[in-house]
Every structure is written in C-alpha cells, then in structure tokens.
Amino acid sequence: MTTLTRSDWEQRAKTLKIESRAFVQGEYSDASAGATFDCISPVDGRVLAQVASCDQADADRAVKAARAAFESGAWSRLAPAKRKAVMIRFADLLKENAEELALLETLDMGKPISDALGIDVPAAANALRWNGEAIDKIYDEVAATPHHELGLVTREPVGVVAAIVPWNFPLLMSCWKLGPALASGNSVILKPSEKSPLTAIRVARLALDAGIPAGVFNVLPGYGHTVGKALALHMDVDTLVFTGSTRIAKQLMIYAGESNMKRVWLEAGGKSPNIVFADAPDLQAAAESAASAIAFNQGEVCTAGSRLLVERSIKDRFLPLVIEALKGWKAGNPLDPATNVGALVDTQQMDTVLSYIEAGHADGATLVAGGKRTLEETGGTYVEPTIFDGVTNAMKIAREEIFGPVLSVIAFDDVEDAIRIANDTPYGLAAAVWTANLSKAHLTAKALRAGSVWVNQYDGGDMTAPFGGFKQSGNGRDKSLHAFDKYTELKATWIKL
Ligand code: NAD
C-alpha cells in the first residue's frame with residue numbers, strides 16, 4: 001500500500017505542520033478565551049500541539065455562523081447535483097492528502113499507519129463520495145390523496161447539526177456524519193474528541209477548498225464537558241449526532257430534554273458476542289477472525305468481538321488456534337508499516353484496560369495470552385493483546401465495554417444457551433455466528449438483538465448497509481440511505497386542487 005518506511009514516516013512526523021485552531025466561518029481561529037490543551041501522542045508521549053480549547057462562547061459563534069450559512073441558502077438550497085460535485089471534490093481532496101491525514105491520525109491516537117492509510121482515510125473519503133453521489137438520486141413522494149388534493153411528502157435538511165465524535169476512528173466517524181449531513185444541505189459543527197482532534201481540524205480546510213461555503217462546516221476542538229455540553233444544550237442546534245460511550249449518550253438525551261428537544265441520534269458502545277458453533281465450516285478461519293476482532297485497532301472498536309462464545313465440545317480444540325492466531329497481532333511502533341497493533345489512545349485508556357485485566361484475575365478468569373503493558377521504554381501506551389479463558393457472562397470483563405485488546409472466552413452448551421448468553425448484555429451493536437448449518441445461522445441471526453450480525457465472518461459491511469445499535473448501543477443508523485433519516489425532516493404539503 002505504501003512504500004514509505006518507518007524512518008520516512010518518522011522524518012515526516014518531525015517536519016509536519018500541525019494546525020491546531022478551531023475553524024469557524026471559513027477561517028482558523030483561536031478559542032475565544034485563548035485557552036489550549038496539550039495534544040499528546042500515545043506513540044511516544046510527546047506533545048504534538050497546543051490545541052484550541054473551545055467553550056460556550058465558541059459554540060455560540062459557530063452556531064451563529066452555521067445558522068447564517070444555512071439561512072443564506074448558499075448550500076442548503078444549492079441544487080443537489082451541485083452539492084454532489086462539491087462532495088466528490090471533498091472526497092478527492094481527502095485522498096490527495098491521504099498521507100498527511102494518515103500520519104496525523106497515527107500520531108494523534110496511536111493506530112498503525114498501515115491501517116490509517118489503507119483503511120481509515122479511503123473509507124472516510126468513500127463516505128463523503130457515496131453520500132454525495134446519492135443525493136441527486138433520492139426522490140420525494142406524492143401521497144395517495146383523494147382526486148381534489150395533492151399531497152407532497154418532501155425531505156428538508158434539519159438545519160444546524162452538531163456532530164460529537166470519539167477518538168477511535170476520528171476521521172472515519174466524522175465522515176460517516178459529514179457525508180449525509182452535508183450532502184443533504186445542513187450546516188455542521190463538528191466536535192472531535194479532545195484525545196484526537198487533529199484530522200477534523202485539517203479536513204475543515206479541505207472542505208472549504210472543495211467548495212463548501214464558509215460557515216457551512218465548522219470544527220470546535222475542546223473538552224466534552226465544556227464545548228460538547230455547550231453544543232448539546234444549545235437552543236439553536238436542531239440535531240445532535242453522536243458517536244461515543246453509552247454513558248455520555250444518555251447524558252446527551254438529558255441535555256436535549258433540558259434545552260430545545262433537539263433530535264438526538266446516538267451510536268454508542270458494544271460488547272459484541274462472536275459465537276462459534278461446533279459445526280463451524282472452518283475453525284482456523286474462525287480463530288483468525290476472533291483474533292483480529294479483538295486486536296484490530298488495539299481493540300478500540302465499538303464492534304470488537306470482545307466476548308468469544310465457544311461451544312463447549314470444541315473449546316479445547318479451538319482455543320489454542322485463537323491463541324496461536326493472536327501471536328500474529330503484536331504491539332509495535334505504529335509508524336512502522338509492518339505494525340498491526342499500535343498504542344492505546346492515552347495513559348487514561350491504558351490504565352482502564354489494565355484495571356480490567358486486574359478485574360479478570362480477581363474474578364477468577366484464567367489468563368492464557370498477554371495481560372501486560374509493553375514497550376514502556378518508548379514513552380508510549382501499549383498493552384499486549386490479551387485472552388482470558390474460563391470467563392462467565394457475569395464477570396466484569398464480560399459485562400463492561402473494555403475498549404482495548406482483551407478477549408473473554410465463554411463456553412456454551414447449545415444454541416439456546418449461546419443465544420441467551422449473547423443477548424444477556426445491555427448492548428446490541430453487533431454479533432457473529434459461525435456454523436455450516438444454514439437454518440441454524442439464520443435462526444440464530446434472527447434471535448440476536450444486535451444491529452449487525454455476521455455469519456461465518458466478522459466485521460463485514462460497507463456504505464450500502466446501515467450501521468448502528470439495538471438497546472443501549474444507540475438509535476438511528478450511520479451509513480446507507482437510512483442515514484439520511486437523521487439529517488432530514490419530513491414535510492407533508494397539502495394542496496387543494
Ligand atoms: P466518550 O463518550 O467519552 O466521548 C465521545 C465524545 O463525546 C467526545 O468528543 C467527548 O469529548 C464528548 N463528550 C464527553 N462528555 C461530554 C458531555 N458531557 N457533553 C457533550 N459531549 C461530551 O467516548 P470515547 O471514549 O471518545 O469513545 C469510545 C466510545 O465510543 C466507546 O464506547 C465506543 O463503543 C463508542 N463508539 C461507538 C461507535 C458506534 O458506531 N456505535 C463507533 C465508535 C466508537
């Protein structure tokens with residue numbers, strides 16, 4: 001994918017110019033109060049930049065700019081085909097700047113550069129392009145009215161959208177929101193995580209260069225409890241879209257209720273079951289998949305296959321295959337193109353993950369792989385991919401989202417048992433089923449309370465399929481045409497003929 005070596009990337013990292021200010025009304029600016037926070041790289045612990053720490057005053061100025069831009073119609077009333085052309089240009093600019101964006105992402109949150117360049121940036125560009133391409137192909141409706149009436153059912157952009165996103169796929173999660181939000185004519189204020197603000201800040205300029213008018217797309221870096229809360233409570237934000245933890249998702253619903261009843265769409269946490277039946281068609285493939293499902297992106301994935309449910313009759317045969325497969329996932333410097341497990345996003349997250357490993361021991365689970373911090377001498381925050389066997393679904397490591405590379409292996413006895421354990425969680429984001437029996441695959445998939453179910457694979461999907469959660473994993477869907485539901489209001493217009 002890239003011919004650049006680790007030392008090429010390190011050289012580029014040294015000379016990289018990092019923009020760290022907010023972006024409002026088509027310009028970069030400091031936070032109103034002049035405050036900043038340190039942006040620390042988990043790769044080696046060094047300070048990358050002092051980033052604008054926005055607050056209420058910044059939220060006010062960004063919402064004002066976004067509202068004025070929306071009312072002007074420069075974007076909101078532009079012909080869909082013209083918005084499409086701009087969105088495609090925006091996507092192209094992401095691709096043209098892929099190496100810079102990938103480097104920013106890796107330095108900022110620790111993911112392997114090969115993933116940032118090979119997965120995150122292309123997928124983010126594709127989200128912009130796909131939604132742009134869709135927007136002049138979606139038709140409104142005419143209602144089935146009596147002869148002397150005409151009923152038009154039309155979709156309109158909601159207005160001002162605040163998008164609050166997490167740090168695990170900073171650019172991609174942003175673009176899953178930006179694609180449909182901008183394509184459908186809204187103005188957007190993006191609030192990246194304080195742990196990974198750099199790519200959001202950079203793409204603001206690319207959006208402007210692509211032709212998105214000033215004020216239509218704004219970026220406010222800063223903390224959740226300051227600028228995030230200010231946006232969530234703002235009386236002039238029409239819709240709040242969020243990806244992040246279930247705890248904060250619940251808080252945002254309260255903020256909406258306390259303010260203007262803005263629409264709130266939530267993509268939240270997960271504790272996804274990966275069910276391997278004894279009749280799985282290929283145990284080796286299932287084992288490799290189970291390893292990547294917990295180690296990819298350092299396990300910092302909302303759909304991580306963090307509960308591996310294995311039919312008891314094959315567990316002793318299957319677990320060694322998973323342990324062996326996980327040996328291929330090794331923490332290393334994320335700027336090395338050969339690395340497939342990078343650094344955890346920061347010290348706080350590393351400590352959280354290590355505390356769950358402690359909890360696994362304390363609850364009586366058996367550690368069979370990993371279990372420790374590693375590469376401490378680098379100054380970065382690395383944890384070995386870890387497996388606990390002998391886990392019960394009542395243990396803390398099986399109930400709570402760890403958001404790190406820690407796998408819980410749980411044995412089950414039959415289909416009913418597997419489904420009961422799989423669904424015994426507050427979450428419902430994703431699940432996988434491995435079996436060669438077609439009926440069993442379908443019946444199990446139907447019984448699973450999850451927004452995505454994979455059969456004989458883990459983590460399939462693309463822009464054509466909706467993505468989101470049941471239960472406390474959220475509401476609404478990102479990706480696919482269904483995502484436009486979040487960003488448009490339905491209007492019925494009745495005309496007397
Ligand atoms: P988080 O909830 O701590 O933070 C997410 C965002 O919310 C950040 O930008 C943060 O600054 C902001 N925030 C925090 N407190 C706030 C407040 N009081 N008001 C407004 N905004 C506030 O989550 P995180 O640690 O950044 O991300 C990890 C979580 O994201 C995990 O739970 C993971 O499962 C989830 N996630 C879900 C999906 C999905 O599509 N369902 C995708 C990726 C990540």
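As the structure lists them, so they are numbered: ligands from 1, and atoms in each ligand from 1.
- In this structure, a donor-acceptor pair under 3.5 Å is present between the side chains of Q348 and K195.
- With ligand atoms numbered from 1 in the order given, ligand 1 contributes 31 (C), 32 (O), 33 (C), 34 (O) to contacts under 4.0 Å with heavy atoms of E401.
- Of the N or O atoms in F242, none lie within a sub-3.5 Å distance of an N or O in ligand 1.
- In the model, N260 has no side-chain atom that pairs as donor or acceptor with a side-chain atom of H234 under 3.5 Å.
- No donor-acceptor contact under 3.5 angstrom links the side chains of T425 and N423, judged on distance only.
- Residues V310 and I410 fail the side-chain proximity criterion, which asks for heavy atoms closer than 4.5 Å.
- At the shortest separation from atom 35 (C) of ligand 1 among protein heavy atoms lies G244 O, 3.1 Å.
- Between W176 and ligand 1, no pair of N/O atoms sits closer than 3.5 Å.
- When only modelled atom types and interatomic distance are considered, S32 and D58 share a side-chain donor-acceptor pair under 3.5 Å.
- Ranking the protein heavy atoms by distance from atom 19 (N) of ligand 1 puts G224 O, 3.3 Å first.
- For K396 and Y356, the positive end sits near the middle of the six-membered ring, less than 6.0 Å away and at most 45° from its axis.
- Nearest approach of I189 to A66, heavy atoms of both residues: CD1-CB, 4.1 Å.
- The protein atom (non-hydrogen) at minimum distance from atom 24 (P) of ligand 1 is W167 NE1, 3.4 Å.
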Next on the checklist: Is there a salt bridge (charged side-chain N to carboxylate O under 4.0 Å, His left out) between D238 and K262? Walk through the geometry before answering.
Outcome noted: CA-CA 5 Å; D238 298 297; K262 55 181 68 65; over 6 Å; no
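- Here the protein heavy atom with the shortest distance to atom 36 (N) of ligand 1 is C302 CB, 3.5 Å.
- The 12-atom threshold is exceeded at NZ of K479, counting heavy atoms of other residues, nucleotides or ligands nearer than 6.0 Å.
- Under 4.0 angstrom from ligand 1, there are no non-hydrogen atoms of E300.
- Remark: among candidates L266, D478, I248, V301, the nearest residue to atom 15 (N) of ligand 1 is I248, based on non-hydrogen atoms.
- On a distance-only criterion, S245 and ligand 1 share at least one N/O pair closer than 3.5 Å.
- Checked by atom type, the side-chain pair Q50/D38 shows a donor-acceptor distance below 3.5 Å.
- In terms of protein heavy-atom proximity, atom 18 (N) of ligand 1 is closest to Y255 OH, 3.4 Å.
- Counting the atoms of ligand 1 from 1 in the order shown, those under 4.0 Å from a heavy atom of L429 are 41 (N).
- Residue-to-ligand polar distances place E194 within reach of ligand 1: an N/O pair is separated by less than 3.5 Å.
- Heavy atoms of other residues, nucleotides or ligands lying less than 6.0 angstrom from CZ of R46 number more than 12.
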Checklist entry - Can W176 and F467 be said to form a ring pair (Phe, Tyr, Trp, His ring centres under 6.0 Å), step by step? => result CA-CA 10 Å; W176 281 5; F467 179 86; 5.2 Å; yes
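- Ring geometry for F388 against H361 counts as perpendicular: the plane angle is over 60°, on a 0 to 90° scale with 30° as the lower cut.
- Proximity of T246 to ligand 1, defined as any heavy-atom pair under 4.0 Å, is not found for any part of the residue.
- By the 3.5 Å distance cut-off applied to N or O atoms, Y223 is not counted among the residues near ligand 1.
- Atoms CD and CD, on E401 and Q472 in that order, are 12.0 Å from each other to the nearest 0.5 Å.
- Below 4.0 Å from some heavy atom of M173 lie the following atoms of ligand 1, by number and element: 42 (C), 43 (C).
- When only interatomic distances are considered, the shortest N/O to N/O separation between K191 and ligand 1 falls below 3.5 Å.
- Atom 12 (C) of ligand 1 has its closest protein heavy atom at I164 CG2, 3.6 Å.
- Near T243, with a cut-off below 4.0 Å to any heavy atom, the atoms of ligand 1 are 5 (C), 36 (N), 37 (C), 38 (C), 39 (C), 40 (O), 42 (C), 43 (C), 44 (C).
- Protein heavy atoms are found inside the 4.0 Å sphere centred on atom 41 (N) of ligand 1.
- With a 6.0 Å radius and a threshold of 12 heavy atoms from other residues, nucleotides or ligands, E258 has its CD atom above the threshold.
- Against a heavy-atom cut-off of under 4.0 Å, L252 is close to the following atoms of ligand 1: 19 (N), 20 (C).
- For atom 9 (O) of ligand 1, the nearest non-hydrogen atom of the protein is V165 O, 2.8 Å.
- Of all heavy-atom pairs spanning V453 and V433, the tightest one is CG1-CG2, 4.2 Å.
- The heavy atom nearest to atom 20 (C) of ligand 1, considering only G228, A162, G222, is found in G228.
- When all heavy atoms of S259 and A232 are compared, the closest pair comes out as OG-O, 3.6 Å.
- The residue L231 has no part lying near ligand 1, judged by heavy-atom distances below 4.0 Å.
- No part of K195 comes within 4.0 Å of ligand 1, judged by heavy-atom distances.
- Near N168, the atoms of ligand 1 lying under 4.0 angstrom from a non-hydrogen atom of the residue are 43 (C), 44 (C).
- With a 4.0 Å heavy-atom cut-off, ligand 1 is reached by no atom of F169.
- Looking only at protein heavy atoms, the nearest one to atom 28 (C) of ligand 1 is F403 CE2, 3.5 Å.
- Residue contacts with ligand 1, taken as heavy atom pairs separated by less than 4.0 Å, involve P166 via backbone and side-chain atoms alike.
- Judged by the shortest distance from any of its heavy atoms, A268 lies inside the 4.0 Å radius around the atoms of ligand 1.
- The aromatic rings of F217 and F90 are tilted relative to each other, their planes meeting at an angle between 30° and 60°.
- Close approach of ligand 1 to P192 (heavy-atom distance below 4.0 Å) involves ligand atoms 9 (O).
- Neither the backbone nor the side chain of A249 has any atom closer than 4.0 Å to an atom of ligand 1 (non-hydrogen atoms only).
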